Amino acid sequence: MNRKLLNYLLILSPALLISGWYAFSLDPGSFLGVVPLAVLAFLLRSLEVSYFGEVISPASAVTLTSLFLFPAPQALVVLFASLLGGLAFLRFSHIQEDGFLKSIASELGGFLGALLLYRLYFSSQLIGISLSTYSPSLLLALGAVFGGYALTSSILSLISSFVLRTNLRDTLRVQLSPFYFGLYFVLGVSLLLLVPTYSAFGVLGFLLGLIPLCVFFFASKLYFHTQEVYRQSLRSLVGVIEAMDPYTHGHSDRVALISLEIGKRMPLSQSRLQLLEYAAYLHDMGKVSIDPAILRKPEALSEEEWKIIRSHPEDGVEILRNVKFLKPILPWIEHHHEKANGTGYPSALPLKKIPLEARIITLADAFDAMISNRPYRPALTVEEAKREIERNTGSQFDPILVKKFQRLIKKKDFVRTLGFPKR
Amino acid sequence: MKKEFPKGLKVYLALIITGGSAALYLTFPYWHATLIWDYLIFALISYFAYILLVKLPKLNAYLSVASHMNFAALFLFGPFAIWIPALTGALPDSLPLKKPYIYLFNGAQFALSYGLAALTYYGAGGTALSLSFAVPIKTILPALLSGLVYSLVNVGLTAGAISFDQGPFVKVFWNVIKWEFPNMLIAVPFALFLAYIFTQLGYLGLAILFFPLLASRYIFQAYIRIQETYSETVRALMATVDKKFGQPGRNQKVYQYALQVSQSLGLSPEEAEILGYASYLRHIGLIGIENSMLEFTLSQPIWSSSPIVVNALLAGSQILERTETLKRAAPFIRLHHEKWDGTGPWGLKEEQIPLGARIISACEFLEELEYRGSKREEILKHLRERSGKHYDPRVVQALISLLEKERDEQKTS
């Protein structure tokens with residue numbers, strides 16, 4: 001979707017809204033009460049967070065509040081303002097356009113789901129919700145309507161993943177992660193107080209009640225952004241290793257990409273996958289301590305030189321030992337040159353004792369090495385490399401992973417993303 | 001505070017402590033036996049809020065609901081509520097209770113400022129909300145006034161104590177109050193809101209309201225952890241480079257000098273952070289040099305403009321240019337061998353060279369001299385000689401005064 005079209009839609013939509021009003025001969029005056037909420041919904045879209053493509057914003061709390069306290073057409077205006085806000089703040093956020101389309105679908109779907117449950121619960125009658133009528137049954141009703149919202153918006157997000165040809169399994173994994181649940185949970189809990197607050201104190205009280213929610217979304221946005229910055233920095237810092245050896249240009253990048261794709265086909269959680277990606281970037285870190293002359297040497301290496309090269313997994317662990325957060329990935333780096341038959345280095349572990357993530361990196365590393373040029377041999381084709389891997393299944397590679405890998409390699413898209421023969 | 005305790009400060013502390021005690025004594029008659037559990041629970045929440053505060057990254061500010069809870073208690077339970085901050089608010093700062101006078105001063109300071117806030121609120125027509133429910137609109141003005149009084153008194157008292165060893169009172173006072181006022185404009189209405197929610201929903205309401213804030217605290221910590229991981233990773237990488245060159249600890253030294261200079265030149269924390277990364281990573285490009293060449297390279301002065309070194313710097317900065325945050329460190333790395341008079345490898349001179357690069361180059365020179373075991377007088381001589389020729393005079397001046405301060409400290413101890 002291009003930017004011009006977005007701007008065009010942004011300008012056009014108020015006109016559409018006004019003509020819609022007249023077409024359905026609604027009384028514009030009855031909409032005045034909902035204007036503050038609409039403005040808020042628009043503005044709060046700026047605090048939207050994107051968690052691996054799933055988009056959530058505090059504006060939903062405002063939209064849902066309007067659903068409880070105003071008739072459906074008015075609430076729709078608030079929803080519309082929120083969608084418009086999403087469009088307007090798109091350029092300031094780190095959200096991809098696919099993510100924006102997804103967020104439209106899930107917002108709309110969630111709203112309809114909530115509306116449906118709301119009708120079921122309150123049998124189409126507006127009830128006075130205020131702090132003094134607060135009771136367990138009202139809590140339950142608020143919870144149920146929010147549940148309807150969360151469920152339908154998640155389903156719609158899944159459907160749009162399908163339409164946008166991103167992977168359903170990936171979307172589902174993100175949706176099942178504790179973090180995604182946490183975001184929705186905080187939103188839901190805040191709603192319990194926000195709806196009665198609005199009816200008791202009006203907009204000003206509502207604004208005060210929104211403060212904690214906004215702080216939460218601000219923190220989350222900051223956190224996700226920093227995480228992404230860290231990932232990118234790792235990516236380019238390992239460029240240092242690649243600068244030592246021209247033959248390995250882009251190697252870490254591709255190993256990360258392949259490892260992640262294989263990892264996604266294994267029962268790994270979202271946070272585990274993230275660590276796997278870090279480990280794949282860092283797997284050759286230990287090479288920093290090796291003399292670049294050895295890495296660049298076109299002739300066969302002496303026994304002494306091989307010994308030095310073989311020490312790089314342990315050197316990598318030594319380098320990263322003091323980074324607390326990366327503790328879990330150290331064994332993966334240490335054992336990424338182990339073999340399934342127990343003849344690898346440094347520890348000659350049997351297959352069962354090698355960590356899964358290490359086995360994944362081994363496979364990705366070997367595949368990328370095969371399809372790259374080396375001082376002592378030209379690159380293999382993807383087909384040749386695949387056969388080579390199949391030949392070494394069970395001796396070098398984990399058979400289960402090889403099966404996943406074979407299916408992965410069949411996808412034309414995937415081979416293309418690796419960018420071969422040379423970028 | 002050091003050993004020599006100014007006499008004026010002693011008198012000041014005694015005065016505040018007496019005043020605080022008087023405030024507590026005067027509010028004691030407003031104690032309601034029926035509210036004892038509420039007093040206790042609010043005190044507990046306020047205490048935990050003081051402990052669980054979150055330092056906001058990059059801003060010199062804290063996020064805590066402690067003062068909101070204290071104000072809410074004041075609006076809800078009457079003037080006796082000032083006992084809550086007086087007893088609990090002072091605790092976290094003073095634990096373990098080695099210096100009881102700090103606890104006493106903090107407690108008295110809270111008692112006085114909340115006491116005067118209570119006087120304002122109830123004097124201007126505010127009512128104790130949990131005892132007699134009032135229309136929200138009527139309590140807003142007294143509440144805002146009391147917030148105003150609180151911040152004036154609180155900042156005034158603290159600034160008074162600080163000004164005994166950190167410069168003029170007005171400056172200290174102004175530096176704090178200019179942030180405190182806008183803060184109060186939101187904090188007091190929020191406290192009032194808290195109080196109303198409490199009158200309607202009790203502790204359930206407070207729990208619902210605070211839940212997102214607790215969750216935010218968790219996220220902020222995760223955020224800080226990632227930031228730490230970031231700098232730990234960079235440091236780990238650099239330690240390796242140092243080790244490879246057989247010179248462990250040298251980067252750390254340059255980093256420390258650069259950070260101190262950036263402080264005395266008044267760089268923002270963000271600029272200092274970038275400068276820190278640059279001083280750590282400045283020789284990362286040398287990693288690609290083969291060991292046989294490396295010995296030759298290292299035998300030369302490190303600030304040389306030999307083509308191998310210049311190319312290595314270029315390679316290093318190109319690597320960093322690919323990252324969002326480290327991108328800004330790249331020019332410092334590429335240009336830190338430039339010379340002030342324009343005789344460096346790229347021929348830039350004076351202000352054309354980025355400040356960060358100028359700082360790093362001078363710090364590097366100083367570290368190199370120290371590494372070679374030069375005496376202090378020699379170092380100072382070398383620095384002065386090259387000031388305005390190779391190095392920015394401002395930076396050299398900062399380094400010299402740094403060294404002199406170091407010497408003075410060594411003499412006294």
Side-chain angles (χ1 to χ4, degrees), chain A residues 130-132 134 139 182 185-187 189-190 192-193 196-197 200-201 204-205 207-209 211-220 222-223 226-230 232-237 239-241 243-245 282 285 288-289 291-294 296 315 318-326, chain B residues 54 57 63 136 186 189-190 192-194 196-197 199-201 204-205 208-213 215-220 222-223 225-230 232-237 239-241 243-244 281 284-285 287-294 315-316 318-326:
Chain A
S130 77
L131 287 171
S132 42
Y134 216 76
L139 260 173
F185 192 65
V186 172
L187 198 62
V189 169
S190 311
L192 297 180
L193 202 62
T197 299
F201 306 126
L204 287 179
L207 270 176
L208 292 171
I211 292 176
L213 189 64
C214 289
V215 170
F216 174 73
F217 271 88
F218 173 74
S220 307
L222 203 61
Y223 172 55
T226 313
Q227 221 171 28
E228 178 57 24
V229 168
Y230 180 62
Q232 283 177 9
S233 303
L234 276 191
R235 226 184 116 181
S236 51
L237 281 179
V240 175
I241 316 164
M244 299 169 74
D245 179 358
L282 294 168
M285 203 55 177
V288 169
S289 346
D291 182 356
I294 301 180
R296 291 171 190 157
D315 288 345
E318 202 47 54
I319 292 171
L320 297 170
R321 194 178 290 290
N322 288 328
V323 185
K324 260 177 277 146
F325 178 72
L326 295 181
Chain B
V54 179
L63 186 78
I186 301 175
F190 189 73
L192 209 54
F193 176 69
L194 257 177
Y196 275 113
I197 293 290
T199 60
Q200 300 294 309
L201 303 178
L204 173 71
I208 297 178
L209 193 61
F210 284 155
F211 178 70
L213 288 177
S216 315
R217 188 189 138 74
Y218 176 78
I219 306 263
F220 269 124
Y223 163 79
R225 210 169 48 227
I226 278 278
Q227 286 245 305
E228 276 168 6
T229 306
Y230 196 121
E232 278 172 6
T233 311
V234 171
R235 241 173 279 179
L237 184 58
T240 317
V241 177
K243 217 164 90 190
K244 185 175 179 180
L281 295 170
I284 198 163
I287 253 179
I289 297 180
E290 295 178 10
N291 283 11
S292 51
M293 305 288 281
L294 201 58
Q318 277 166 350
I319 287 162
L320 298 194
E321 254 156 28
R322 284 182 254 153
T323 52
E324 196 177 321
T325 33
L326 297 179

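Keep in mind that what you see is a predicted model, and the values were worked out from it rather than measured. Numbers restart at 1 for each chain; the letters A, B, ... are given by sequence-line order, proteins then strands.
For A:Ile319, the parts lying near chain B are the backbone and the side chain together; criterion is any non-hydrogen pair under 4.5 Å. Of the atoms belonging to A:Asp291, heavy atoms from both backbone and side chain fall under 4.5 Å from chain B. Both the backbone and the side chain of B:Ile284 have a heavy atom closer than 4.5 Å to some heavy atom of chain A. Contacts between B:Gln318 and chain A at a heavy-atom distance below 4.5 Å are absent for every atom of the residue. Within the 4.5 angstrom heavy-atom criterion, no atom of B:Leu194 approaches chain A. Residue contact with chain A, scored on non-hydrogen atoms closer than 4.5 Å, involves the backbone and the side chain of B:Ala215 alike. Neither the backbone nor the side chain of B:Ala239 comes within contact range of chain A; no heavy atom of the residue lies under 4.5 Å from a heavy atom of that chain. No part of A:Ile294 comes within reach of chain B, as not one of its non-hydrogen atoms sits under 4.5 angstrom from that chain.
Most heavy-atom pairs under 4.5 Å with chain A: of the set B:Pro189, B:Ser216, B:Gly205, this distinction falls to B:Ser216. The choice from A:Ser220, A:Ser289, A:Gly205, A:Pro292 that makes the most heavy-atom pairs within less than 4.5 Å of chain B is A:Pro292. Residue with the most contacts toward chain B among A:Gly182, A:Gly209, A:Ser190: A:Gly209 (heavy-atom pairs, distance under 4.5 Å).
With contacts defined as side-chain heavy-atom distances shorter than 4.5 Å, the pair A:Thr197/B:Tyr196 does not qualify. With a 4.5 Å cut-off on side-chain heavy atoms, B:Tyr230 and B:Leu326 count as touching. Looking only at side-chain heavy atoms (C-beta outward), A:Ile211 and B:Phe193 stay at 4.5 Å or farther from each other. Considering only heavy atoms from C-beta on, A:Leu204 stays 4.5 Å or farther from A:Leu208 through its side chain.
A salt bridge is absent between B:Arg235 and B:Glu232; no separation between the charged side-chain nitrogens and carboxylate oxygens falls under 4.0 Å.
Heavy-atom contacts from other residues, nucleotides or ligands closer than 6.0 Å to CZ of B:Phe210 number more than 12.
The distance from the CD1 atom of B:Ile197 to the CZ atom of A:Phe201 is 5.5 Å, given to the nearest 0.5 Å. Put simply, CG on A:Leu187 and CZ on A:Phe217 are 5.0 Å apart, with the number rounded to the nearest 0.5 Å.
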